[in-house]
Amino acid sequence: MLDRPAQEQSGSSVRTSGPLSGFRIVEFAGIGPGPFACMMLADMGADVVTLDRVGAKKSMKSVAGRGRKVIELDLKDKAAIAEVLDLLANADALVEGFRPGVMERLGLGPDVVLARNPKLVYGRMTGWGQEGPLANAAGHDINYISITGALAAIGTKEAPVPPLNLVGDFGGGALYLVVGVLAALLEAQKSGKGQVVDTAMCDGAASLMSFFFDMTTIGRWTEGRVQNFLDGGAHFYGVYECACGHFVSIGSIEPQFYALLREHAGLTDADFDAQMDRKAWPALKEKLQAVFKSKTREDWCKIMEGTDICFAPVLTMSEATEHPHMVARNVFVERHGVKQPAPAPRFSRTPSTVREPEAAKIGAVTKEWKR
């Protein structure tokens, strides 16, 4: 299954040379982490087919929807289910993000699909997981990270602040799904057997907190916000407003970096000697706030950017696309007049590419995959 040559897939107009070229993945359309995970797999060259409802008419300009063949069909139609099973018979992986039990009720549960294709990797993406007291409850990113300890640790002293939906949907969800599917594909190469990959956002978000559980164990982390060296409590690791109303970030944790911060910011006050004294942090933060408020963001960039202070301007998305470093690395690409993140990570021999999606018919794809 895994050593099928990429050239066998050359019949598709959306093929590419990425490291996953030759892999066939069926995605059941959803929102959030599932599409993002499949975007990454498609960027890396996998042949991703998205099965969507009739009349969905997904935007072909979608960032998360790039690189797919999109097939519209009615999964309540038994004939359509039979076609899907034919398609899955020659797939390497399946990705679905429905609530537990939905795929089983459609007649496309793991038992049925793996009986048809024993080598298939069956990727499942949910918030709460396939079992547990909350498995069938509705939820969103903010709920999934709430029970992991992550949300309680992020925000101001007064209240937790939602970190967009980066921690649950994308960090703890999509990225863990990609890792799980790829690991299962590697294992299938040895065993010849597929398996179910149960990816839950609450599991992944909890896993992302491993470092902080370590820090708590050794006494370097205190539960609560704005009390620790990475949560805004320390004066040397945080965000500061400038005279222009824009912000900059500093992360001068190590002594040598902190020394550079003091040098470039003119922090000659002896009080700044107490870098790691938690009791001194609030007063030192106030002093540093006044210092950064004395110049514009542009001024501070001229003074600090590119040094070992661990400094960067806090940019909006539109500003980020124009930053010289991001431009030099081609971090953003343009499709349909819209700037968007380029594929990541990067591969030296089999580069990922941004490919256009295309509408397709299930019969044609099934025939192509049987070649």
Side-chain angles (χ1 to χ4, degrees), residues 1-2 4-16 18 20-31 34-62 64-98 102-125 177 181 185 188 194 196-197 355-371:
M1 179 175 81
L2 296 186
R4 178 171 50 250
Q7 56 264 35
E8 289 184 15
Q9 306 305 311
S10 59
S12 169
S13 63
V14 295
R15 295 309 309 145
T16 188
L20 296 182
S21 181
F23 288 90
R24 300 157 168 173
I25 299 171
V26 176
E27 172 194 14
F28 287 79
I31 59 173
F36 183 79
C38 288
M39 178 203 76
M40 291 189 67
L41 296 170
D43 284 348
M44 290 187 277
D47 194 358
V48 180
V49 172
T50 301
L51 305 182
D52 209 342
R53 60 181 175 81
V54 175
K57 296 183 179 179
K58 288 287 179 67
S59 170
M60 293 297 178
K61 298 181 181 181
S62 166
R66 66 195 187 195
R68 325 275 223 286
K69 294 173 182 170
V70 182
I71 297 171
E72 294 185 2
L73 73 170
D74 181 6
L75 292 179
K76 295 180 180 179
D77 182 348
K78 291 184 178 179
I81 295 298
E83 289 184 302
V84 172
L85 287 170
D86 285 342
L87 180 67
L88 290 170
N90 292 285
D92 297 306
L94 172 160
V95 171
E96 62 95 2
F98 301 128
V102 171
M103 289 291 281
E104 285 81 355
R105 290 194 292 274
L106 289 171
L108 295 169
D111 291 347
V112 174
V113 175
L114 290 173
R116 185 75 177 268
N117 181 357
K119 295 181 179 180
L120 186 83
V121 170
Y122 199 109
R124 314 198 84 165
M125 180 76 262
L177 177 61
V181 167
L185 286 171
V196 175
V197 179
R355 295 171 291 147
E356 292 298 315
E358 64 179 53
K361 298 294 184 181
I362 192 166
V365 177
T366 300
K367 182 179 179 181
E368 175 191 329
W369 281 8
K370 284 182 178 178
R371 291 178 181 174

Using every non-hydrogen atom in the two residues, find where [X] and [Y] come nearest and quote the distance to one decimal.
X: N90; Y: D86; result: ND2-O, 3.9 Å
X: D92; Y: G22; result: OD2-O, 3.8 Å
X: V54; Y: L73; result: CG2-C, 3.5 Å
X: L177; Y: A37; result: CD2-CB, 3.8 Å
X: L75; Y: L106; result: O-CD2, 3.5 Å
X: G34; Y: M125; result: N-CG, 4.3 Å

Which is it for L85 and V112 under the side-chain contact (heavy atoms from CB on, under 4.5 Å) test, yes or no, and what are the steps along the way?
CA-CA 9 Å; L85 287 170; V112 174; 4.1 Å; yes
Min side-chain heavy-atom separation [X]-[Y] under 4.5 Å:
X: L108; Y: F28; result: yes
X: P110; Y: E104; result: yes
X: V197; Y: Y122; result: no
X: I25; Y: D47; result: no
X: L185; Y: V121; result: yes
X: L94; Y: M103; result: yes
X: P35; Y: R68; result: yes

What's the spacing between [X] [atom1] and [Y] [atom2] if we round to 0.5 Å?
X: W369; Y: L87; atom1: CH2; atom2: CG; result: 4.5 Å
X: E27; Y: D52; atom1: CD; atom2: CG; result: 8.5 Å
X: E72; Y: K361; atom1: CD; atom2: NZ; result: 8.5 Å

May I ask you to decide whether [X] forms a salt bridge with [Y], counting only side-chain N to carboxylate O separations under 4.0 Å?
X: D43; Y: R355; value: no
X: R124; Y: E96; value: yes
X: K69; Y: E368; value: yes

Main-chain N/O of A42 paired with R66 side-chain donor or acceptor, under 3.5 Å:
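It does not hold such a pair.
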Kindly write out the residues that satisfy ring pair (Phe, Tyr, Trp, His ring centres under 6.0 Å) with F36, not counting sequence neighbours, or none if the list is empty.
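For F36, the residues satisfying ring pair (Phe, Tyr, Trp, His ring centres under 6.0 Å) (neighbours in sequence not counted) are F170.
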